Amino acid sequence: MKPLNIRKLTCLALLCGIGGSVSAQESPWFVRVGAASVQYQSDADIAVGGGPVPGAALSLSDSTTLAAEIGHWLTPSVALRATVGIPPTTRIEGRGTVAGLGQLGEIKFAPAMFTGTYSFDLGTIKPYIGGGIAYIHILESKDGAVASLDVESRFGGVLQAGVDIPIDKSWGLFLDFRKLYWKTKATGTVPAFGGAPVQADLNPSPSVVMIGISKRF
């Protein structure tokens with residue numbers, strides 16, 4: 001065999017070996033999709049006409065939506081994650097001394113979370129912990145007892161914990177819990193109080209429980 005042909009065959013064999021090695025590696029990318037239950041706190045400081053309203057409180061109705069997460073493994077244990085959800089809607093209800101006003105309004109928002117996690121390999125399950133930032137973008141505010149309702153979009157912090165349950169090399173199940181430390185401000189006017197301006201410093205700090213399936217590429 002001519003030397004040139006030997007060199008060609010050697011290069012081809014090396015390329016095939018490299019290609020086979022790359023294709024055998026697992027992709028670092030993964031996605032998770034599931035149902036997310038959002039539950040809120042009701043902490044709020046409410047002022048009407050510039051003065052605080054003693055005993056006034058608010059409650060936000062719980063929401064359920066569909067959420068998706070895309071992630072990238074930096075190492076076998078460390079991952080970066082981005083999570084978004086179909087915009088849920090929540091009602092703002094008056095409580096305490098403003099309970100008689102009923103529904104104060106309604107908001108629709110788009111959540112986005114960016115977190116980093118560390119996973120522990122316990123064999124059949126892989127628990128993880130982490131944290132990051134969240135941005136809650138208010139898409140729409142609907143009036144109720146409060147007219148011209150406006151709720152601010154703001155950033156917040158996130159703590160995250162959960163467990164992955166692999167089924168095979170590609171598919172798995174997961175259970176995820178997140179605590180959002182998110183505060184915002186709502187403003188408007190109250191026709192029942194002669195159109196007096198109202199401001200509420202809200203601390204919804206929602207808890208999010210998500211359950212679903214995961215796919216590694």
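Source: prediction; values computed, not measured. Here, residue 1 is the first one in the sequence, and each next residue gets the next number.
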Applying a strict under-4.5 Å side-chain criterion to I, L, V, M, F, W and Y, I'd like to know whether [X] and [Y] cluster together.
{"X": "Ile70", "Y": "Phe217", "value": "yes"}
{"X": "Leu80", "Y": "Met113", "value": "no"}
{"X": "Val158", "Y": "Phe174", "value": "no"}
{"X": "Val209", "Y": "Ile125", "value": "yes"}

- Task: Taking only Lys NZ, Arg NE, NH1 and NH2, and the carboxylate oxygens of Asp or Glu, determine whether Lys185 and Asp201 approach each other closer than 4.0 Å.
- Result: no
Nearest 0.5 angstrom please: [X] [atom1] to [Y] [atom2], how far?
{"X": "Tyr128", "Y": "Lys126", "atom1": "OH", "atom2": "NZ", "value": "13.0 Å"}
{"X": "Ile107", "Y": "Leu139", "atom1": "CD1", "atom2": "CG", "value": "10.0 Å"}
{"X": "Leu202", "Y": "Asp43", "atom1": "CG", "atom2": "CG", "value": "10.0 Å"}
{"X": "Ile136", "Y": "Ser153", "atom1": "CD1", "atom2": "OG", "value": "9.0 Å"}
{"X": "Leu60", "Y": "Thr90", "atom1": "CG", "atom2": "OG1", "value": "4.5 Å"}
{"X": "Glu152", "Y": "Ser141", "atom1": "CD", "atom2": "OG", "value": "10.5 Å"}

To check you understand the geometry: which heavy-atom pair defines the closest contact between [X] and [Y], and what is its length?
{"X": "Ala145", "Y": "Pro191", "value": "O-CD, 3.4 Å"}
{"X": "Ala68", "Y": "Met210", "value": "N-CE, 4.1 Å"}
{"X": "Ala110", "Y": "Pro87", "value": "CB-CG, 4.3 Å"}
{"X": "Pro88", "Y": "Thr65", "value": "CB-CB, 4.2 Å"}
{"X": "Leu58", "Y": "Ala200", "value": "CD1-CB, 4.0 Å"}
{"X": "Gly123", "Y": "Asp121", "value": "N-OD1, 3.0 Å"}

With heavy-atom distances below 4.5 Å as the criterion, would you say the side chains of [X] and [Y] are in contact?
{"X": "Pro204", "Y": "Trp182", "value": "yes"}
{"X": "Arg216", "Y": "Ser214", "value": "no"}
{"X": "Asp176", "Y": "Ile211", "value": "no"}
{"X": "Pro111", "Y": "Val84", "value": "no"}
{"X": "Val53", "Y": "Val98", "value": "yes"}
{"X": "Trp73", "Y": "Phe30", "value": "yes"}
{"X": "Val38", "Y": "Thr64", "value": "no"}
{"X": "Leu149", "Y": "Leu104", "value": "no"}

- Task: Take atom NZ of Lys215 as the centre, draw a 6.0 Å sphere, and report whether it contains more than 12 heavy atoms from other residues, nucleotides or ligands.
- Result: yes
- Message: With a sphere of 6.0 Å drawn around CZ of Arg154, does it hold more than 12 non-hydrogen atoms of other residues, nucleotides or ligands?
- Response: yes
Tell me yes or no: between the side chains of [X] and [Y], is some donor less than 3.5 Å from an acceptor?
{"X": "Gln199", "Y": "Thr187", "value": "no"}
{"X": "Ser170", "Y": "Asp168", "value": "no"}
{"X": "Ser148", "Y": "Thr189", "value": "no"}
{"X": "Tyr40", "Y": "Ser61", "value": "no"}

- Message: What verdict does the side-chain contact (heavy atoms from CB on, under 4.5 Å) test give for Thr124 and Ile165, after you've listed the backbone C-alpha separation in whole Å, the side-chain angles of each residue and the deciding distance to 0.1 Å?
- Response: CA-CA 6 Å; Thr124 56; Ile165 307 171; over 6 Å; no
- Without swapping roles, check the side chain of Thr97 against the backbone of Ala56 for a donor-acceptor pair under 3.5 Å. yes
- For Tyr181, which residues count as a side-chain contact (heavy atoms from CB on, under 4.5 Å) partner, sequence neighbours excluded? Leu159, Lys179
- Using the side-chain contact (heavy atoms from CB on, under 4.5 Å) rule, take Phe120 and Ile129 through it: C-alpha gap first, then chi angles, then the decisive distance, then the call. CA-CA 9 Å; Phe120 305 88; Ile129 57 172; 4.1 Å; yes
- Apply side chain to side chain donor-acceptor pair (under 3.5 Å) to Gln160 and Thr115, showing your working. CA-CA 8 Å; Gln160 181 178 14; Thr115 58; 2.7 Å; yes
- Under the salt bridge (Lys or Arg N to Asp or Glu O under 4.0 Å) rule, what pairs show up with a residue in residues 53-78, not counting sequence neighbours? Arg32-Glu69, Glu69-Arg81, Glu69-Arg178
- So His137 and Tyr135, would you call those rings parallel, tilted or perpendicular, with 30° and 60° as cut-offs? parallel
